[in-house]
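Since the structure comes first, as structure tokens, the remarks are kept for the end.
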Amino acid sequence: MEFIKNGKRIDKRLPNELRPIKFEVGALERADGSCYVEHGGNKVMAAVYGPRAVHPRHMQEANRAIIRYRYNMASFSVEERRRPGPDRRSIEISKVSREAIDPVIIKEFYPRSTIDVFVEILQADAGTRSAGINAASVALADAGVPMRGLIASCAVGKVDDTVVLDLVKEEDNFGQADMPVAMDVRTGEISLLQMDGHFTLEEFEEALQLGKEGCTTIAEMQREALVQKYQGEGHE
Ligand code: CDP
């Protein structure tokens with residue numbers, strides 16, 4: 001498969017270009033915080049509940065809130081119908097996504113509580129864990145959960161021996177490498193980094209740099225979406 005022609009990718013983007021991204025803050029009425037994200041062909045909803053009491057109680061921590069994160073792919077979100085319910089992949093993604101957002105949440109403010117994050121993938125086109133983390137981060141802020149910053153995430157990879165930002169499904173499935181990254185762009189702290197495939201050391205460094213730039217752009221969009229919703233509020 002040929003991925004790059006005349007310097008352009010299969011969806012006409014440049015190697016260092018993100019797909020179009022749109023954040024809608026507070027899309028759900030019954031959640032404490034929520035965010036709907038469209039990221040290229042991905043459609044993702046994140047809902048946050050809490051801080052609230054922990055059930056079952058034995059899971060509670062005396063000095064801090066616990067964070068629970070459920071990533072779920074709708075059966076209609078992918079080409080080949082997915083069997084509903086958790087599988088190895090979604091359990092793994094839930095775990096790494098929770099760990100990705102965990103460092104910015106000030107858990108000590110809410111002892112014996114839980115903050116529950118639900119991420120539903122309604123339509124998938126590669127990079128769903130990143131789109132989920134981006135949505136979750138904004139939904140947490142929308143819920144008023146105290147945070148040190150926002151976590152932004154995107155994938156970088158390699159196709160036709162070229163390092164590219166934000167893979168589409170064909171690039172993810174049939175390319176040479178796929179590396180999702182999540183970070184707090186204020187501190188530069190990376191809270192998720194996974195890799196499928198192979199990079200040389202130089203390619204890895206180039207990919208990491210490109211990933212950081214992608215996250216910086218996304219973090220600005222997240223901030224912008226929150227400002228849009230909340231500017232003016234609290235002054236009446
Ligand atoms: O979505 P993400 O890139 O975080 O995870 P992945 O495991 O690398 O999956 C890449 C893409 O493969 C997904 O975004 C879906 O578009 C597709 N996929 C699928 O079609 N059916 C599945 N059961 C799982 C993934």
Side-chain angles (χ1 to χ4, degrees), residues 1 3 9-11 13 15-23 35-46 69-102 117-139 151-160 162-183 190-199 203-204 207-208 210-212 214-215 217-219 221-222:
M1 186 163 176
F3 288 102
R9 292 154 69 182
I10 47 182
D11 62 353
R13 276 182 300 151
N16 65 352
E17 213 177 316
L18 287 167
R19 290 175 282 183
I21 304 173
K22 204 176 78 186
F23 289 93
C35 178
Y36 172 68
V37 169
E38 289 184 1
H39 183 139
N42 296 306
K43 298 186 179 188
V44 175
M45 183 70 83
Y69 192 113
R70 192 191 70 178
Y71 164 102
N72 180 55
M73 240 180 181
S75 54
F76 51 79
S77 66
V78 284
E79 231 161 283
E80 197 165 320
R81 182 185 179 276
R82 200 187 77 81
R83 203 164 155 261
D87 54 12
R88 282 177 66 95
R89 177 178 173 279
S90 63
I91 292 166
E92 177 219 314
I93 294 179
S94 297
K95 174 183 182 287
V96 297
S97 301
R98 176 176 52 72
E99 291 168 352
I101 57 162
D102 188 273
V117 182
F118 297 90
V119 167
E120 296 289 326
I121 308 303
L122 306 173
Q123 186 174 290
D125 185 29
T128 59
R129 78 195 64 198
S130 292
I133 289 165
N134 293 334
S137 190
V138 172
I151 297 289
S153 178
C154 63
V156 270
K158 178 165 78 160
V159 296
D160 292 348
T162 305
V163 172
V164 293
L165 179 62
D166 192 17
L167 314 180
V168 290
K169 185 163 180 288
E170 292 75 14
E171 294 174 328
D172 180 306
N173 291 174
F174 308 113
Q176 296 161 294
D178 168 26
M179 183 171 86
V181 183
M183 62 187 300
I190 291 173
S191 55
L192 178 146
L193 194 149
Q194 299 180 280
M195 187 156 83
D196 249 350
H198 299 279
F199 282 127
E203 286 166 347
F204 171 76
L208 192 57
L210 197 54
K212 286 182 182 176
C215 287
T217 305
I218 290 168
M221 293 177 187
Q222 291 172 308

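Note that ligands are numbered from 1 as they come in the structure, with each ligand's atoms numbered from 1 the same way.
With respect to the salt-bridge test (charged N to carboxylate O, under 4.0 angstrom), the residues Arg89 and Asp87 do not qualify.
Applying the side-chain contact (heavy atoms from CB on, under 4.5 Å) test to Ser137 and every residue at least two apart in sequence or in another chain returns Met147, Leu150, Ile151, Gln222.
Residues Tyr36 and Lys43 have side chains in contact (heavy-atom distance under 4.5 Å, counting atoms from C-beta outward). Taking 4.5 Å as the limit, some side-chain heavy atom of Leu193 sits within range of a side-chain heavy atom of Leu208. The side-chain heavy atoms of Asn42 and Ile121, taken from C-beta on, include no pair separated by under 4.5 Å.
Side-chain atoms of Gln194 and Glu92 form a donor-acceptor pair, as typed in the model, at a separation below 3.5 Å.
Near ligand 1, residues Met73, Val78, Arg89, Ala124, Asp125, Ala126, Gly127, Thr128, Arg129, Lys169, Asp172, Asn173, Asp178 each place a heavy atom inside the 4.0 Å sphere around the ligand atoms.
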